[in-house]
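Below: the structure, in structure tokens.
Just so you know, ligand 1 is whichever comes first in the structure, and atom 1 is the first atom listed for that ligand. When a residue number appears, it is its place in the shown sequence, counting from 1.
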Amino acid sequence: MSLSHQEILEHLGRVLESRKPINGGDPATSYVAKLLSKAPDAILKKVGEEATETVMAAKDLQAGRGEADALVYEVADLWFHSLVLLAHFDLDASAVLHELARREGLSGLAEKAARPAD
Ligand SMILES: N=c1c2ncn([C@@H]3O[C@H](COP(=O)(O)OP(=O)(O)OP(=O)(O)O)[C@@H](O)[C@H]3O)c2ncn1[C@@H]1O[C@H](COP(=O)(O)O)[C@@H](O)[C@H]1O
């Protein structure tokens, strides 16, 4: 049985929660627990690295040197580490999905034009 996209995010969110030091996550056996034990700096470093690797994969694809799969792989790494960051701050994917839903139909150009002047 395959999981829906929402179920995948919810399941991963529960796993990330279980890896927190307060919930007994063990850095010796869990990559996520290791990151969370050194949060937020270790997580921020990974988010930065994965963002850079995403840019490089996209540029490779644009230049005809890379595969679409490589870009998907890097974006998955970026999303994953962003979810670990959210978990550290007691947030999860649903908060981001709510924000995207709030923006639904609101043009980025219109939103920017409506911002108060500096
Ligand atoms: N989705 C992921 C996931 N995506 C990427 N990664 C890890 O993120 C790391 C990415 O690092 P890089 O690609 O930069 O590789 P690296 O240079 O070897 O990494 P570093 O040594 O620099 O940290 C790798 O260790 C990947 O295995 C993930 N690790 C875990 N998950 C999920 O989190 C769950 C819990 O994981 P554990 O806490 O390890 O049990 C797993 O069951 C998965 O569902």
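Counting protein heavy atoms only, atom 38 (O) of ligand 1 is closest to S30 OG, 2.4 Å. In this structure, atom 13 (O) of ligand 1 lies nearest to the protein heavy atom D77 OD2, 3.7 Å. In terms of protein heavy-atom proximity, atom 36 (O) of ligand 1 is closest to V32 CG2, 3.8 Å. For atom 1 (N) of ligand 1, the closest non-hydrogen atom of the protein is F80 CD1, 3.3 Å. Residue, atom and distance of the protein heavy atom nearest to atom 11 (O) of ligand 1 are K46 NZ, 3.3 Å.
Atom numbering of ligand 1 starts at 1 in the shown order; those under 4.0 Å from a heavy atom of V15 are 34 (C), 35 (C). The atoms of ligand 1 that sit less than 4.0 Å from any heavy atom of E50 are 10 (C), 11 (O), 12 (P), 14 (O). Every atom of ligand 1 with a heavy atom of R19 under 4.0 Å away is listed here by number and element: 35 (C), 37 (P), 38 (O), 40 (O). Shown in contact with H81 at under 4.0 Å from a heavy atom are these atoms of ligand 1, numbered in order with element: 8 (O), 10 (C).
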Exercise for review: Apply side chain to side chain contact (heavy atoms under 4.5 Å, CB included) to the pair D92 and L16, showing each step before the final yes or no.
Suggested key: CA-CA 9 Å; D92 61 20; L16 300 184; over 6 Å; no

Point to revise | N23 and R19: CA distance, side-chain angles, deciding distance, side chain to side chain contact (heavy atoms under 4.5 Å, CB included) verdict | key: CA-CA 6 Å; N23 294 325; R19 299 304 199 252; over 6 Å; no

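Remark: atom 30 (C) of ligand 1 lies closer than 4.0 Å to at least one protein heavy atom. For atom 19 (O) of ligand 1, a protein heavy-atom neighbour is found at a distance under 4.0 Å. Under the 4.0 angstrom criterion, atom 3 (C) of ligand 1 counts as having a protein heavy-atom contact. At a distance under 4.0 Å, a protein heavy atom can be found next to atom 33 (O) of ligand 1.
Counting heavy atoms closer than 4.0 Å to ligand 1, residue T29 contributes nothing at all. Heavy atoms from both the backbone and the side chain of Y31 come within less than 4.0 Å of ligand 1.
Distances between N or O atoms of L12 and those of ligand 1 include no value under 3.5 Å.
Residues satisfying the ring pair (Phe, Tyr, Trp, His ring centres under 6.0 Å) test with Y73, not counting sequence neighbours, are none.
Residues E17 and R14 are not paired through a salt bridge, judged by the lack of any N-O separation under 4.0 Å between the basic side chain and the carboxylate.
Under the 4.5 Å side-chain heavy-atom criterion for grouping Ile, Leu, Val, Met, Phe, Trp and Tyr, V75 is not connected to I8 through any hydrophobic cluster.
A distance-only check finds no donor-acceptor pair linking the side chain of S30 to the backbone of D26 [under 3.5 Å].
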